[in-house]
*Asks:* 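Take this structure first; my questions come after.
Reminder, nothing fancy here: chain letters follow the sequence lines and each chain counts from 1.
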Amino acid sequence: TPIEELQQFNRDVKSASGSFTQQVLGGKGKTSSGTFVFARPGKFRWTYTKPYEQVLVSDGKTLAIYDKDLNQVTKKSLGSAIGSSPAAVLFGSADLSANFTLSDAGEKDGRSWVQATPKSKSSSFKKVNIGMSNGLPSAMELYDNLGKVTVLVFSGMQRNPSVSAGSFIFTPPADAATAK
Amino acid sequence: CASVRPVRDANNINDQVTFSMGGRFGVTYIDNGEDKSTTGKIEWQETRRATDIILATPLGNAMASLHITPHEAVLKSANGDMLTEKTPEELLYRALGYELPISLIQQAIGRSGQPAPDRIGDRDWDIAIASRFDNGKPKKIIAERQRPSPLTMTVFIDERSDASD
């Protein structure tokens, strides 16, 4: 079942890399796109290349966000936040059911879908749907609590690539204003 | 860049959307002596009677929505809180613990059909237009204050409905 496939993905795929596109459903905004690499638990580098340059780097403890146009580095300690954030569904610790209630959400656009509803009441989003195709998540739909749906589509996902330690360390560009 | 065609406003259908924009925001501030910062995406939509702003995480998850009319400002947050104040500045101070100069930024953005002046500000805030679209409409806006404590808010507009006016 798609739930078993997702749980197996979380168990067996310790790290992965690939490309993504991101769009707000029904939104006016353009599609953004870029690349990602992650390693469990909670380490990831999420790089937007179009239509703007922005990178989110997590070493599992601290999330650093650098935006070239804003010329700003933002750092946030993840603490438990990573556990129940949408990213956790993909990059989090192996056991999803600790933070999410999983249910089968049927077939759509050639993918078999799993619905993950956060167990914590204070979570900032309503649910995440994960579309599986041949054992890998190939799409995600993030339903937030204010009626917006963000759709992510993944491509070229590599299972367990060799990931350099530096991938999850953020080195700020010289001129960016850094503030924790 | 492709401009965003105004559409009917969702909550009061007879109000034509007169202006809309999407972009990113960054805030750096001091919180009891410590440098702090936050960043995310911003969506902004105006009708004749109200301004609606959505503040989302970089990944697009809405964190809060603001509904601003001349008489009040209402904030709905992702965890279900709802706050109402007279002005957006008081509202955000209550919600975040620091003030953001939304009304001054709204002036700086410049309504459709009005040229935006280079420098806007008041006793506390200094607002500068750091870059513009080809038609002169503001693209990057930097709002700075020193009192009561240093705070900088940067808004970078990726697209706006009057970008090709």
*Asks:* Return the option, out of A:V149, A:D67, A:L142, A:L152, with the maximum number of heavy-atom pairs under 4.5 Å with chain B.
*Replies:*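 It is A:D67.
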*Asks:* Do the non-hydrogen side-chain atoms of B:S37 and A:K75 ever get within less than 4.5 Å of each other?
*Replies:*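 Counting from C-beta outward, B:S37 and A:K75 never come under 4.5 Å.
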*Asks:* Counting neighbours of NZ on A:K119 that are heavy atoms of other residues, nucleotides or ligands and sit closer than 6.0 Å, is the number greater than 12?
*Replies:*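 Atom NZ in A:K119 is crowded, with more than 12 foreign heavy atoms closer than 6.0 Å.
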*Asks:* Please flag which part of A:Y48 lies under 4.5 Å from any non-hydrogen atom of chain B: side chain, backbone, both or neither.
*Replies:*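 The answer is the side chain of A:Y48.
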*Asks:* Hydrophobic cluster mates of A:L70, side-chain heavy atoms under 4.5 angstrom, ILVMFWY only, any path?
*Replies:*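 Joined to A:L70, directly or through intermediates: B:F156.
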*Asks:* Picking from A:T150, A:N145, A:D144, which has the most non-hydrogen pairs under 4.5 angstrom with chain B?
*Replies:*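 When all of A:T150, A:N145, A:D144 are compared, A:D144 has the most.
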*Asks:* Checking B:S77 against chain A: side chain, backbone, both or neither under 4.5 Å from a heavy atom?
*Replies:*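 Interface part for B:S77: backbone (N, CA, C, O).
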*Asks:* With sequence neighbours left out, what residues match A:E4 under side chain to side chain contact (heavy atoms under 4.5 Å, CB included)?
*Replies:*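 In terms of side chain to side chain contact (heavy atoms under 4.5 Å, CB included), with neighbours along the sequence ignored, A:E4 is linked to A:T1.
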*Asks:* In terms of hydrophobic clusters joined by side-chain contacts under 4.5 Å, are B:V74 and B:I68 together?
*Replies:*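 Unlinked, B:V74 and B:I68 end up in two clusters.
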*Asks:* Partners of A:D12 by side chain to side chain donor-acceptor pair (under 3.5 Å), sequence neighbours excluded?
*Replies:*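 Partners of A:D12 by the side chain to side chain donor-acceptor pair (under 3.5 Å) criterion, ordered by chain and then number, come out as A:Q8.
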*Asks:* Supply the atom-to-atom distance B:E43 CD to A:K148 NZ, rounded to the nearest 0.5 angstrom.
*Replies:*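 Spacing of CD (B:E43) from NZ (A:K148) equals 4.5 Å.
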*Asks:* With a 4.5 angstrom heavy-atom cut-off, which part of A:D69 approaches chain B: side chain, backbone, both or neither?
*Replies:*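 Answer is both: backbone and side chain atoms of A:D69 are under 4.5 Å from chain B.
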*Asks:* Spell out, as yes or no, whether a donor-acceptor pair under 3.5 Å connects the side chain of A:Q72 to the backbone of B:F25.
*Replies:*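 Checking the backbone N and O of B:F25 against the side chain of A:Q72, no donor-acceptor pair under 3.5 Å is found.
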*Asks:* Looking at B:K140, I want to see if its NZ is surrounded by more than 12 non-hydrogen atoms of other residues, nucleotides or ligands under 6.0 Å.
*Replies:*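 Counting other residues, nucleotides and ligands, NZ of B:K140 exceeds 12 neighbours.
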*Asks:* In this structure, would A:Y52 and A:I65 fall into the same cluster of hydrophobic residues linked by side-chain contacts under 4.5 Å?
*Replies:*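 Yes, because A:Y52 and A:I65 connect within a single hydrophobic cluster, where side-chain heavy atoms sit under 4.5 Å apart.
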*Asks:* Check whether more than 12 heavy atoms from other residues, nucleotides or ligands sit under 6.0 Å from atom CG of B:D134, and answer yes or no.
*Replies:*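 Open.
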*Asks:* Counting only non-hydrogen atoms closer than 4.5 Å, can you tell me which residues of residues 55-63 of chain B sit against chain A?
*Replies:*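 Answer by number: B:A56, B:P58, B:L59, B:G60, B:N61, B:A62, B:M63.
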*Asks:* Are A:F168 and A:V13 linked, directly or through intermediate hydrophobic residues, by side-chain heavy-atom contacts shorter than 4.5 Å (ILVMFWY only)?
*Replies:*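 They do not share one cluster, since no chain of ILVMFWY contacts under 4.5 Å joins A:V13 to A:F168.
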*Asks:* Among B:D31, B:T152, B:T38, B:I142, which residue forms the greatest number of heavy-atom pairs with chain A at distances under 4.5 Å?
*Replies:*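 Top option by heavy-atom pairs under 4.5 Å: B:T38.
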*Asks:* Hey, is NZ on A:K68 packed in by over 12 heavy atoms from elsewhere, all under 6.0 Å?
*Replies:*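 Open.
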